Protein chains: 2
Amino acid sequence: MSAKSDNETSRLDEAARAGWLYYVAGNTQDEIARKLGVSRQSAQRLVSLAVSARLIKVRVDHPIAKCMELERELTERFNLLGCEVVPTDPDAPASMVGIAQAGAAEMERHLKSNHPKIIAIGTGRALRACVEQLPTMDCPQHRIVSLLGNMMSDGSATAYNVIIRMADRVNARHFPMPLPVFANSHEEKTLLHTQEPVHNILELARQADVTFVGLGQMNENAQLVVDGFVTREEARSLSRIGAVGEITSWVYDREGKLIDGLINDRVASAPLFPDQDHPVFGIAVGEAKVDAIWGALRGRLINSLITNEATAEILLSK
Amino acid sequence: MSAKSDNETSRLDEAARAGWLYYVAGNTQDEIARKLGVSRQSAQRLVSLAVSARLIKVRVDHPIAKCMELERELTERFNLLGCEVVPTDPDAPASMVGIAQAGAAEMERHLKSNHPKIIAIGTGRALRACVEQLPTMDCPQHRIVSLLGNMMSDGSATAYNVIIRMADRVNARHFPMPLPVFANSHEEKTLLHTQEPVHNILELARQADVTFVGLGQMNENAQLVVDGFVTREEARSLSRIGAVGEITSWVYDREGKLIDGLINDRVASAPLFPDQDHPVFGIAVGEAKVDAIWGALRGRLINSLITNEATAEILLSK
DNA sequence: CCGTTCTATAAGCAAATGCTCAAGCGGTTC
DNA sequence: GAACCGCTTGAGCATTTGCTTATAGAACGG
């Protein structure tokens, strides 16, 4: 199934062994070199390969008081099903470091279940980072369904194809959405949605046991603008009429209400089901996203949150 | 409940934060020092505290081919319910490093269950090492029951009081066995076992959902001899009539059959229930233990095994 | 068969890390 | 109030690590 050569596999195997000797058994790289019968440089390379191939998983097993407190406050204030707040690196307050690990851990919890689950996935930088942190596993019992297509209207694909990467890592059945992000008109969208396969996928998404989405801010730096789905001009008008964020391209205001008309008429993504019982994780960090997060929480477009300390503090100070 | 001062707690909190910045966010200790507003030396101390307080958990997430293969062979040959083989440090083939982590991970799996479980525990260096690796958690739903007392016949206690440490770490109800390891006679043992509280504990042990025991070899270096429960002379005679190992002080031969009479008449530990459906993990490493492990597996005194590569290889070459 | 390419090894160096020791600091004892 | 104890801090130093460059050998293709 995998295209890896024996060569590469045994190399990873050696790397795992070196990583084990280094991180678990506490050997120095010199010792590892001797024990494995290679040069110190090779040992160093093996260890660093083990790290970069994400064979080495580190977690901090201590409830950092501040983060716990923020989780508690957020959960209470927004009646969340789940909430995780990770420490912030003061130099990179909007970095995905930590968030990615936490998100991956949450995904892993669900994936490890023997009970078959439907896992719905949006797109975006945050989700991509999370999926990159997933270990390779074997989960044929689960189904991963995409909440939105990743086609431009001309048929070309966008960068953040999260679902393919995820399915690849965890070996699960997956259902990418064979649609553009935006239809050319409301009518076209309706038409697309009635196609049999699309209909099935939308149905799966509706039944998802757990959902993970990224949150986009709605201003001139919006991902929708960067990706070219929405013109700078459109973004400005959306912003002017109160849009603060988007989830799977559904644009909403500070109350978490979807904006009527405009581009929401043409969004081909699976509809959002606010206030359901199954967890819907929003994953986002950074001051720029605070309004988007706040709106999504208010309108219960999401009911679970993964963010960092700095972002959580701003959210709670509003 | 805990005797930790606020001071100590906040120090651990800082340590966790430093550990997070170091291991997860990949900062250097200089950067951490700056971000946390302390000297580099303090940062270094915090990081090393985080490690020594076992806040930092590292696991290698790669099926090392050799170990997998050994697990498969052992499982097949001895029809095991569970088997884990960890890499061996060539310089310390009988070291608990790795074994302890693997054992702790197995324990953690059971402890994390919401469903209340009865977990039975023996004693010994291996089990102690495993328990030391457990994170602190809160598991009031489970019951931990000791399979044997830890009293000398004069009432003094022995070193490896595993169950207390374990219960302490995971905050579960626990049932130490209020008995000496050996009674003075078979009659006394029978009498002791009919006492109400002892009877209850034995009953709990019988119902255990999962059991963890260490395996002792039976020669002049046997733990039973070291601890002074058995004289060197007795050990020699046991060895002469075929004893190869002991589990919770029950002595058995190379077929895994309990040795009739002699000290087995006086063992006050919970009886062994070979061939049950619930996992009974034996944890042991080292060439010296191979005969003991082999016998226990043959007689199905254990049905699951945690050991290391080197030991597994010798086992399979027999 | 030769040249090319790739990889492992070796040497060396700068940065990062871990450790030791002495000084400082707060509290306690006499 | 002086001496002392325990603990933390800061400085210096030895070790370890990550990275760069040079070289030798193996693998490959023509």
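Reminder, nothing fancy here: chain letters follow the sequence lines and each chain counts from 1. These numbers come from a predicted model, not from an experiment.
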Side chain of [X] only, please: which of [options] is the nearest?
X	options	answer
B:Arg45	C:dC13, C:dG18, D:dA11	D:dA11
A:Ser42	C:dA10, D:dT9, C:dA8	C:dA8
A:Ser39	C:dA10, C:dA16, D:dC13	C:dA10

Figure out the [atom1]/[atom2] separation between [X] and [N], and round it to whole Å.
X	N	atom1	atom2	result
B:Gln44	D:dA11	CD	P	15 Å
A:Glu31	D:dT17	CD	C1'	14 Å
A:Leu36	C:dA8	CG	C1'	14 Å
B:Ile32	C:dG18	CD1	P	10 Å
B:Arg34	C:dA16	CZ	C1'	15 Å
B:Arg40	D:dT8	CZ	P	18 Å
B:Ile56	C:dT17	CD1	P	14 Å
B:Tyr23	D:dT17	OH	P	11 Å

Below 4.0 angstrom from OP1 or OP2 of [N], is there any side-chain N or O of [X]?
X	N	result
A:Gln41	C:dT9	no
A:Thr28	D:dT16	no
B:Tyr22	C:dA16	no

Please determine whether a side-chain nitrogen of the Lys or Arg among [X] and [Y] lies less than 4.0 Å from a carboxylate oxygen of the Asp or Glu.
X	Y	result
A:Asp89	B:Lys35	yes
B:Arg77	B:Glu73	no
B:Glu106	B:Arg109	yes

- Query: For A:Gln29, which contact category applies under a 4.0 Å heavy-atom criterion: base, sugar-phosphate, or nothing?
  - Reply: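 Sugar-phosphate only.
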- Query: Should we say atom CD of B:Gln141 is surrounded by more than 12 heavy atoms from elsewhere, each under 6.0 Å from it?
  - Reply: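 Above 12, so yes.
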- Report the relative orientation of the aromatic rings in A:His110 and A:Phe212; use parallel for angles under 30°, tilted for 30 to 60°, perpendicular for over 60°.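 A:His110 and A:Phe212: perpendicular rings.
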